[in-house]
Amino acid sequence: MKRDRVIKTLCLGIAHFIDKNGYQAQVYKKHGERIRYLVTDVTGQTEHFRLKYDADVKIVPENKLGRLWHTVATLLTYRPHNVELYLTGYMALPYALLAKITGRNLIVILRGTEFESPRIKLWSYQLALKMSDLVIAKEFHLNEAALGLRLGHKTHMLHNCVPDVSGGMSPYAGRTIDLLFLNTPRRMRHVLFLVDVIAKLLERNPGLKVTIAGFGVLDEKYNSIELDYQREVLHKIEALGLKDKIELKGFVRNAPELMSASKVFILPADVIYCNYALLEAMSCGCVPVVADGEGARLVVEDGVGGFVRPLSVPAFVNAVESALQPEMWERYSQNARRKIDEEYSIESWYAGISSIRNKI
């Protein structure tokens with residue numbers, strides 16, 4: 001077999017290829033591994049990020065038969081060692097079957113909402129899990145759910161990591177955004193609560209520059225995640241008279257640049273460990289203000305490199321105002337970057353995934 005036809009891992013079920021996928025593609029390539037991604041490209045952004053990271057990405061049809069055909073063709077042509085499955089629900093089962101029929105190692109990745117599906121859909125997904133050779137959980141509650149299904153013998157935790165995405169530290173005075181939220185607005189991230197926090201901050205300091213990015217509902221082609229909730233957030237912003245006081249964005253291609261222009265990154269979510277945008281923001285020197293959610297204190301060193309607070313408007317307001325004090329910001333910003341460099345580097349992620357795959 002020709003060398004250029006050898007693929008070590010085939011990644012299935014990714015809706016769009018963006019920075020977080022590019023980080024992994026880049027570190028695989030650095031270590032001489034060829035990874036192919038089959039992506040449905042629901043946001044129309046994949047080609048931009050494929051070129052940015054020079055990644056092996058193939059855009060496949062969104063319809064089920066088209067995706068299956070491309071998957072079968074890739075499996076038979078390239079015979080990858082591993083299949084990483086990111087799908088949830090009904091389609092996870094046929095893809096798992098394909099991997100096992102063709103003799104591939106099946107690695108199922110748990111990312112967030114896998115166990116929230118209706119019963120029949122969940123049953124189908126659980127069968128795929130039981131067929132897997134390895135299960136990798138990115139969050140603690142997902143690891144516990146897998147253990148509850150008696151998958152402990154093949155389940156491993158591996159948190160998200162990022163490279164140094166700062167491109168050089170911007171000084172406090174050079175950052176034009178005071179407060180940044182950059183995530184898909186979802187109920188579990190309490191964005192309605194965040195609007196209340198911002199309203200109070202703007203009441204006390206009308207000159208504050210605030211950006212909320214990630215509204216799929218603002219894009220021409222968007223990922224349909226909790227769109228009703230996103231509209232509810234936008235309605236609340238307008239009802240409170242904040243529409244002209246908050247910069248609202250949809251999907252952004254330049255997340256690290258936006259973060260490098262921001263002083264404080266805010267995330268009032270139920271799950272903090274290890275939100276990609278949070279890790280990126282800390283790498284860019286943003287001071288994080290986060291809810292005391294799952295794994296928060298493992299990522300953010302409260303009182304050292306950021307603030308961990310209960311979901312209380314006064315508590316969040318006070319934390320943001322403290323973080324915006326220049327001397328405190330300088331100290332916390334440096335500590336936030338150090339935390340990522342020491343514990344959440346993409347090289348440590350590669351070492352982790354390599355060790356896990358060696359257990360097959």
Side-chain angles (χ1 to χ4, degrees), residues 1-18 20-41 46-47 49-51 53-111 114 124-138 146 151 153-156 158 346 349-360:
M1 185 180 293
K2 293 181 180 179
R3 178 67 183 167
D4 63 359
R5 291 171 67 84
V6 175
I7 290 177
K8 183 163 186 176
T9 301
L10 177 65
C11 297
L12 303 176
I14 297 174
H16 50 195
F17 188 90
I18 54 178
K20 63 183 181 182
N21 310 110
Y23 301 152
Q24 296 179 2
Q26 215 167 40
V27 76
Y28 277 133
K29 182 183 292 186
K30 177 182 176 181
H31 289 274
E33 291 191 31
R34 184 178 175 190
I35 311 295
R36 170 163 288 191
Y37 299 81
L38 299 188
V39 180
T40 51
D41 192 31
T46 291
E47 183 63 10
F49 289 98
R50 182 190 72 79
L51 292 171
Y53 293 99
D54 189 27
D56 186 350
V57 179
K58 184 173 182 60
I59 297 175
V60 297
E62 290 187 43
N63 69 78
K64 295 179 176 62
L65 288 178
R67 279 186 285 160
L68 279 171
W69 185 88
H70 281 282
T71 301
V72 171
T74 304
L75 284 170
L76 295 179
T77 302
Y78 295 95
R79 300 187 180 277
H81 300 294
N82 310 305
V83 169
E84 281 188 11
L85 188 62
Y86 290 80
L87 278 168
T88 60
Y90 299 118
M91 290 303 294
L93 185 56
Y95 282 106
L97 285 167
L98 276 175
K100 301 314 293 180
I101 288 170
T102 55
R104 308 302 100 192
N105 298 322
L106 177 61
I107 304 171
V108 179
I109 312 295
L110 303 179
R111 295 180 292 171
E114 286 82 357
S124 174
Y125 183 69
Q126 288 176 351
L127 282 180
L129 283 173
K130 292 183 182 298
M131 294 171 61
S132 68
D133 296 287
L134 290 174
V135 177
I136 298 178
K138 294 192 172 190
L151 300 174
H153 60 292
K154 57 183 175 183
T155 299
H156 304 268
L158 182 62
I346 196 67
W349 178 88
Y350 180 77
I353 191 71
S354 300
S355 175
I356 291 170
R357 288 186 311 197
N358 287 338
K359 298 180 185 298
I360 298 177

What are the two closest non-hydrogen atoms of [X] and [Y], and how far apart are they?
{"X": "L85", "Y": "A92", "answer": "CD2-O, 3.7 Å"}
{"X": "L87", "Y": "G13", "answer": "CG-CA, 3.5 Å"}
{"X": "R111", "Y": "Y86", "answer": "NH2-O, 2.9 Å"}
{"X": "V39", "Y": "H16", "answer": "CG1-CA, 3.5 Å"}
{"X": "R357", "Y": "L134", "answer": "CA-CD1, 3.9 Å"}

Would you find a donor on one side and an acceptor on the other, under 3.5 Å apart, between the side chain of [X] and the backbone of [Y]?
{"X": "K8", "Y": "Y28", "value": "no"}
{"X": "S132", "Y": "L129", "value": "yes"}
{"X": "S355", "Y": "A351", "value": "no"}
{"X": "K64", "Y": "M91", "value": "no"}

Take atom NZ of K58 as the centre, draw a 6.0 Å sphere, and report whether it contains more than 12 heavy atoms from other residues, nucleotides or ligands.
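No, NZ of K58 has 12 or fewer neighbouring heavy atoms, counting only those of other groups under 6.0 Å.
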Between [atom1] on residue [X] and [atom2] on residue [Y], distance to nearest 0.5 Å:
{"X": "Y37", "Y": "L10", "atom1": "OH", "atom2": "CG", "answer": "10.5 Å"}
{"X": "H70", "Y": "T40", "atom1": "NE2", "atom2": "OG1", "answer": "12.0 Å"}
{"X": "I136", "Y": "L158", "atom1": "CD1", "atom2": "CG", "answer": "6.0 Å"}
{"X": "I356", "Y": "I107", "atom1": "CD1", "atom2": "CD1", "answer": "8.5 Å"}
{"X": "I7", "Y": "D56", "atom1": "CD1", "atom2": "CG", "answer": "5.5 Å"}
{"X": "R36", "Y": "Y78", "atom1": "CZ", "atom2": "OH", "answer": "4.0 Å"}

Do you know which of T9, L75, T102, T74 makes side chain to side chain contact (heavy atoms under 4.5 Å, CB included) with P80?
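Only one option passes, and that is L75.
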Would you call the rings of Y53 and F17 parallel, tilted or perpendicular if under 30° counts as parallel and over 60° as perpendicular?
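The rings of Y53 and F17 stand perpendicular, inter-plane angle above 60°.
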Are [X] and [Y] packed together at the side-chain level, in the sense that at least one heavy-atom pair is separated by less than 4.5 angstrom?
{"X": "E33", "Y": "I353", "result": "no"}
{"X": "F49", "Y": "N21", "result": "no"}
{"X": "L38", "Y": "T71", "result": "yes"}
{"X": "L110", "Y": "K138", "result": "no"}

Set out, in order, the CA-CA distance, both residues' side-chain angles and the distance that settles side chain to side chain contact (heavy atoms under 4.5 Å, CB included) for Y125 and V108, then state yes or no.
CA-CA 10 Å; Y125 183 69; V108 179; 3.4 Å; yes
Using the side-chain hydrogen bond (donor to acceptor under 3.5 Å, both in side chains) rule, pick out the option among K100, K154, R104, K359 that qualifies with D133.
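When K100, K154, R104, K359 are each tested with D133, the side-chain hydrogen bond (donor to acceptor under 3.5 Å, both in side chains) holds only for K100.
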Which residues satisfy the side chain to side chain donor-acceptor pair (under 3.5 Å) test with R50, sequence neighbours excluded?
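Listed in chain order: E47.
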Under the rule for side chain to side chain donor-acceptor pair (under 3.5 Å), what residues qualify as partners of K30, not counting sequence neighbours?
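Side chain to side chain donor-acceptor pair (under 3.5 Å) check on K30 returns E347.
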Contacts of I59 that satisfy side chain to side chain contact (heavy atoms under 4.5 Å, CB included) - sequence neighbours left out:
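Partners of I59 by the side chain to side chain contact (heavy atoms under 4.5 Å, CB included) criterion, ordered by chain and then number, come out as D41, T46.
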